[in-house]
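Both counts, for ligands and for their atoms, begin at 1 and track the order of listing.
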Amino acid sequence: MKLESFLSGGWCTGARAGRSLVNPTTGEEIGTADATGLDVASALEYARSKGRALSALGFSERGAILKEVSGILQANRDSYLEIARINSGNTAADASFDVDGAIFTLKSYARLGSGLGDATHLVEPGQDQLARDPVFFARHFWTTRPGVAVQINAFNFPAWGMWEKVAQALLAGVPSFAKPATSTAWLSERMVRDVIDAGIFPDGTLSLLCGGADGVIPSLGPMDSVAFTGSGETARLLRREIAEMALPPRLTIEADSVNATIVGPDAAPGTPMFDLAVREATKAISFKAGQLCTNIRRILVPMEHAAPFAEALSGKVAGLAVGDPSDEAVRTGPLINLAQRNEAQSKIELLSGEARVIAQSKLPEVPASSGFVAPTLLLCEDVANARALHDVEVFGPCATILPYTGVDQAVALGALGQGSLALSLFSNDEGVQSRVLSQLAHWHGRILMVDDEAGKSHSGHANVVPNCVHGGPGRAGGGEELGGLRGLRFHMQRTALQAGPTVVDALGAGAAEACL
Ligand code: NAP
């Protein structure tokens, strides 16, 4: 199998054999992808010019397209779960998180579209009087940027990662140019093929590039955008490349992050809070083999509860079933390939300089070239001097317990991540909740606070929901996606219209009122 790209309204493939896609359970090659020699500059221009028709559709029509896409994906769901198992080593639950997450996000944006009606652009509520007499006012309008939205994604969410970006761009009226990570692009390719075959997307509205992104960035202009999700290292390259352009595209970055959870001082052994925190930490070490950007990597536990917490979590880790994801009893499959396995293992080694391994799941007999890494729990006994634990992201099934003394230290440790996507707190203590919000919110894009009320009903530390913004400051890239209609900001331009009341009222009446 050689994956194809969908460019300028047709399927095509690169001139070379390309890079391998493997089954990480066996290590066997299942296909290749290559984009060498493809005319991406023309494909981007095709998307820009033909796809512009999207902005003439009303929001509800755009929402209707998204709803149809979700229906096609739902109808083909089983084949996607199978591809995710073969190409990503996903268990059924892992694959559902990606595939059903994509469908759910598309449906959410479809609903937002239908709520905005037939308007093609937005206006913010309220207006400002700018003159002494009521003859001169200002209102802020949001209109669609006439460019193409390039969407570069990481390997761990070939379904959700692509569709959450397409959903926001499409609802904003901008054509998408999706570039999935090559190693797991099979699922993205199959999904795009299914929706293209169904004739849902207007011409030029959706393009797909399977293979390297050579030539993409230099072909972009000031009305285009790049939404990147991936490692901090690639993010730095992109930032540099774009910074040197005379008329650069808009750029947003979702990069890696060393997220933390704080077990509150009141979450003592025997309390529901303690058990809920153990449950969430177990998920972090097992689910999707730890390959979630929002995953808990650092578990901050009060010194007085550290030993029972470590014991409880060690028991869970030791009991995890690791192996072939087609086995229904298996909780943790392999990482997506041998290179990722080697990288995760070398980073666990690195962290072992600051923390010791206290529990590891048993690995079955596995092929030498498979992606399996034993889920691993570390404990740091010299928290004051640990640095790598706050800096190195093991993109695999591994987390570290860091015992803290007093909430001040927990807050200080939380900030050492230098900007993260998600933080969680397990506590019923209002004082602790308010200190975490006031002292750590600025370092995080999202904070989950679990108390007795939210209990088991919360959506999980790692789970990104379309209603809430996703992204984080500093090391996490500084970007922001989703958050309902807020996700449309990136694809639209806010313009202050200054005019007399008749003009302001007339133009405002033609737009849908929304707060982005
Ligand atoms: P990666 O190696 O940085 O690759 C990400 C994407 O960038 C891939 O599509 C890759 O294409 C592409 N790429 C590589 N070099 C490029 C270049 N010079 N110009 C343009 N595109 C380029 O990351 P990954 O290994 O796929 O993903 C794992 C990382 O992503 C982890 O660190 C994880 O934390 C992070 N992540 C973050 C989020 C988030 O929302 N913040 C979500 C998921 C993952 P090829 O595959 O073709 O090389």
Minimum non-hydrogen distance to atom 2 (O) of ligand 1, winning option of Val464, Leu209, Asn295, Thr234: Thr234
Contact check: Leu238 vs ligand 1, nitrogen or oxygen atoms, below 3.5 angstrom: no
Cys293, Ser257, Ser420, Ala235: member with heavy atom nearest to atom 42 (C) of ligand 1: Cys293
Donor-acceptor contact present, side-chain Asn156 to main-chain Gln291, <3.5 Å: yes
Proximity winner for atom 46 (O) of ligand 1, if only heavy atoms of Thr229, Thr182, Val258 are counted: Thr182
Ligand-side contact atoms (ligand 1) for residue partner His470, heavy atom cut-off under 4.0 Å: 39 (C), 40 (O)
Ring centre gap for Tyr109 and Phe104 strictly below 6.0 Å: no
Residue part near ligand 1, for Ala476, under 4.0 Å between non-hydrogen atoms: neither
Polar proximity ligand 1 side, Ser231 side, N/O cut 3.5 Å exclusive: yes
More than 12 heavy atoms of other groups within 6.0 Å of Lys67 NZ: no
Which of the ligand 1 atoms, numbered from 1, are nearer than 4.0 Å to a heavy atom of Ala213: 20 (C), 21 (N)
Residue and atom name of the nearest protein heavy atom (relative to atom 10 (C) of ligand 1), distance in Å to one decimal: Lys179 NZ, 4.1 Å
For atom 9 (O) of ligand 1, the protein heavy atom that lies nearest, with its residue and separation: Asn153 O, 2.7 Å
Gap between atom CG of Leu208 and atom OG of Ser5 - 0.5 Å precision: 6.0 Å
Identity and distance of the protein heavy atom lying nearest atom 32 (O) of ligand 1: Glu393 OE1, 2.8 Å
Ionic contact status for Arg48 with Glu45, cut-off 4.0 Å: yes
For Ile152, atoms of ligand 1 separated by under 4.0 Å from a heavy atom: 6 (C), 7 (O), 9 (O), 12 (C), 20 (C), 21 (N)
Arg19 near ligand 1 by a heavy-atom separation under 4.0 Å: yes
Glu244/Arg240 salt bridge by N-O under 4.0 Å criterion: no
Identity and distance of the protein heavy atom lying nearest atom 35 (C) of ligand 1: Gly230 O, 3.3 Å
Atom 41 (N) of ligand 1 - nearest protein heavy atom and its distance: Ala255 O, 3.0 Å
Part of Phe155 with heavy atoms under 4.0 Å of ligand 1, whether side chain, backbone, both or neither: both
Contact partition for Ile217 relative to ligand 1, non-hydrogen atoms under 4.0 Å: neither
Test item: side-chain donor near acceptor, Asp100 and Ser96, under 3.5 Å: yes
Shortest protein contact, atom 27 (O) of ligand 1 (heavy atom only): Ala154 CB, 3.3 Å
Closest approach of any protein heavy atom to atom 18 (N) of ligand 1, naming residue and atom: Leu237 CD1, 4.3 Å
Charged N-O contact under 4.0 Å between Arg19 and Asp34: no
Six-ring centre of Phe490, Lys165 cation under 6.0 angstrom, axis tolerance 45°: no
Heavy atom of the protein closest to atom 33 (C) of ligand 1 (residue, atom name, distance): Phe395 CE1, 3.3 Å
Exercise: do Glu4 and Thr13 side chains pair donor with acceptor under 3.5 Å: no
Phe157 to ligand 1, any heavy atom closer than 4.0 Å: no
Partner of Leu425 under side-chain contact (heavy atoms from CB on, under 4.5 Å), chosen from Leu448, Val263, Ile262: Ile262
Enumerated ligand 1 atoms positioned under 4.0 Å from heavy atoms of Asn156: 43 (C), 44 (C)
Separation of Leu379 CG from Glu354 CD (nearest 0.5 Å): 13.0 Å
Option among Ile83, Val99, Val69 that satisfies the side-chain contact (heavy atoms from CB on, under 4.5 Å) test with Met191: Val99
Polar contact flag, side-chain donor to acceptor under 3.5 angstrom, Glu349-Gln345: no
Contact atoms of ligand 1, heavy-atom distance to Pro180 under 4.0 Å: 9 (O)
